[in-house]
Number of protein chains: 2
Amino acid sequence: MPTASPSFQPVAQQGIGQPLYRVVMRRLLGAIESGDLEPGTALPSERVLASQFEVSIGTLRQAVGELVAGHILVRRQGRGTYVAQHNAERFLFQFFHVERTDGLREVPELETLSFERGHLDEEQADALQTRAGSAAITIENRLRLQGRPVVLDRLTLPAAMFKGLTESRLRSRPSTIYRFYQDEYGITVARALERVRAVAADRHVARQLGVVPGAPMLQVRRTALSIGDKPVEYRVSTISTGLHEYVHSLTRPA
Amino acid sequence: MPTASPSFQPVAQQGIGQPLYRVVMRRLLGAIESGDLEPGTALPSERVLASQFEVSIGTLRQAVGELVAGHILVRRQGRGTYVAQHNAERFLFQFFHVERTDGLREVPELETLSFERGHLDEEQADALQTRAGSAAITIENRLRLQGRPVVLDRLTLPAAMFKGLTESRLRSRPSTIYRFYQDEYGITVARALERVRAVAADRHVARQLGVVPGAPMLQVRRTALSIGDKPVEYRVSTISTGLHEYVHSLTRPA
DNA sequence: CCCAATTTGTTCGTATGTATA
DNA sequence: TTATACATACGAACAAATTGG
């Protein structure tokens, strides 16, 4: 059972060619992955952490700084350092998102169309780095912006990682779906791989998004990876870009 | 005239509420923007820089570290710190790129279809943060992958920033176009804003890329920004995603 | 091949400033 | 006001990589 403030053992001289701050990083990452450090909780102060790991404050800060850069931790001067939590704001600046052509951003209104259990096909298994035929959960969501249906999402989850997931639990979640993964299954989506193409709307898409069959649609295939780089979700998003666009700013400013 | 190793003045107590390392950062950025530090050149060593700025080695390293994180500088242990240069490899990991569905990456073969001087329309002026009607250069390029035409690029450049640019100079460039901006005009593309949508191929696109009119195409509108965040290029790319995809990995690994 | 000089990388520790509760 | 936390700045010492002799 996780304590509010876990204590760490000294890093000693583990990993001969490995810099100390990297050993500290991996210890912190491991504590998050294992659930010892839960999202939203505060880490012990830098002084305390440094003394627990038996490294200098500077080395400790270097380790924490890299995790902050990777959006794994969040530092707040005067308050403390926290395990990052998923929320709508983080999503907007860390991942791609859809916004109106004039730049208006809005939190989409989500509607779950279907929730089914089945088995992974070749494409899904390849993306999730597991074998075809293993148990999976497939969810179809429709997102509305300004009341208009804009995105149709088909999510595929490995059932082994989401034991006990039911449609009603999913529907009754209070926040974003990545926050739901975090809170209910201890799974943090740290980064994503995306492949984008243009396709013609099929009948299903056309009906759900109110476009004519054959209309050009954006198709985004996203593999979401956990902190340990395990694939946790494969998502195919079909986006109507008549009034909206898929946006991101590349590389952070200096 | 730029010297090989410029010398810097002490930062003293400029900018009261400004951390020293940020003042150092801005000095280095200014030296790159002004051309005192040319891309590819080595900076003075950290000890020398620290003594020139009259800051500690640690403060100097913090400033340099942030610029390295922003891909402005490159550090090489045992050799020195260099002003980053654009090349095909950097492009692949810093920006989006097109690759074959099976993941094969290849440096595209580029063909310049047209080079014209004209004036900015509203959309272009808006993207380049200048006024409509000002002088502009419009270039159309076609990119081939595995011999197949895949991308049609229409580049719009503010003529004021690219004085003396001619079609023959552009065609005879030895490297990538961003490297060309760097070498010939001292303009470094530091980051980009992209907006993606799906459109139907018009007759021109269909002819140039060998697709049927009306086929779904990916359209990427990119505004490239310099180190000082000035827009330097507006590019509309039309991509045939039958055999290829638009790819990027989001957020760096921890 | 080895050595020496140079440069960045890592680690240490201290002191002081700023933000928060 | 006080206490605590992170932020900034300093500087020293040694390790690791590179280069040139």
Side-chain angles (χ1 to χ4, degrees), chain A residues 4-8 10-28 37 40-84, chain B residues 4-8 10-28 37 40-84:
Chain A
S5 290
S7 71
F8 292 90
V11 291
Q13 291 305 28
Q14 309 190 4
I16 322 253
Q18 190 81 236
L20 269 183
Y21 75 91
R22 287 198 171 276
V23 180
V24 173
M25 275 177 68
R26 282 212 309 258
R27 286 285 195 89
L28 292 170
L37 276 176
T41 62
L43 271 66
S45 78
E46 294 181 343
R47 269 174 212 289
V48 172
L49 273 181
S51 73
Q52 285 181 4
F53 284 123
E54 290 183 5
V55 299
S56 74
I57 185 82
T59 300
L60 187 277
R61 272 186 66 80
Q62 188 168 358
V64 170
E66 299 234 353
L67 296 177
V68 168
H71 305 288
I72 306 294
L73 298 179
V74 177
R75 276 208 270 233
R76 293 181 209 172
Q77 184 175 356
R79 292 218 268 158
T81 303
Y82 300 81
V83 182
Chain B
S5 290
S7 71
F8 293 90
V11 291
Q13 290 305 26
Q14 309 190 4
I16 322 256
Q18 190 81 235
L20 266 184
Y21 76 92
R22 286 199 171 275
V23 179
V24 173
M25 275 177 68
R26 281 212 308 258
R27 286 284 195 90
L28 293 169
L37 276 176
T41 62
L43 272 65
S45 76
E46 295 181 342
R47 271 174 212 289
V48 172
L49 273 181
S51 73
Q52 285 182 3
F53 284 123
E54 290 183 6
V55 299
S56 73
I57 185 80
T59 300
L60 186 277
R61 275 186 65 79
Q62 188 168 358
V64 170
E66 300 233 354
L67 296 176
V68 169
H71 306 288
I72 307 294
L73 299 178
V74 177
R75 278 207 268 231
R76 294 180 211 170
Q77 186 176 356
R79 292 218 269 157
T81 303
Y82 300 81
V83 182

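Note that the structure is a prediction, hence the values are computed from the model and not measured. Lettering follows sequence order; numbering is per chain, from 1.
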Contact list (N/O, under 3.5 angstrom) for nucleotides 9-12 of chain C vs protein:
{"from": "dG9(C)", "atom 1": "OP2", "to": "R61(B)", "atom 2": "NH1", "distance (Å)": "3.2"}
{"from": "dG9(C)", "atom 1": "OP2", "to": "R61(B)", "atom 2": "NH2", "distance (Å)": "3.3"}
{"from": "dG9(C)", "atom 1": "OP2", "to": "R75(B)", "atom 2": "NE", "distance (Å)": "2.8"}
{"from": "dT10(C)", "atom 1": "OP1", "to": "Y21(A)", "atom 2": "OH", "distance (Å)": "3.1"}
{"from": "dT11(C)", "atom 1": "OP1", "to": "L20(A)", "atom 2": "N", "distance (Å)": "2.0"}
{"from": "dT11(C)", "atom 1": "OP2", "to": "L20(A)", "atom 2": "N", "distance (Å)": "3.4"}
{"from": "dT11(C)", "atom 1": "OP2", "to": "Y21(A)", "atom 2": "N", "distance (Å)": "3.1"}
{"from": "dC12(C)", "atom 1": "OP2", "to": "S56(A)", "atom 2": "N", "distance (Å)": "2.9"}
{"from": "dC12(C)", "atom 1": "OP2", "to": "S56(A)", "atom 2": "OG", "distance (Å)": "3.4"}
{"from": "dC12(C)", "atom 1": "OP2", "to": "T59(A)", "atom 2": "OG1", "distance (Å)": "2.7"}

* Could you give the distance from CG (L20(A)) to CZ (F53(A)), rounded to the nearest 0.5 Å? -> 11.0 Å
* Asked: Atom CZ in R22(B), atom CD in E66(B): separation rounded to 0.5 Å?
  -> 5.5 Å
* **Under-4.0 Å salt bridge between R75(A) and E46(A)** => yes
* **Interatomic spacing from CG in L60(B) to CD in Q52(B) - rounded to 0.5 Å** => 9.5 Å
* Asked: What's the shortest heavy-atom distance between V83(B) and L73(B), and which atoms?
  -> CA-CD2, 3.9 Å
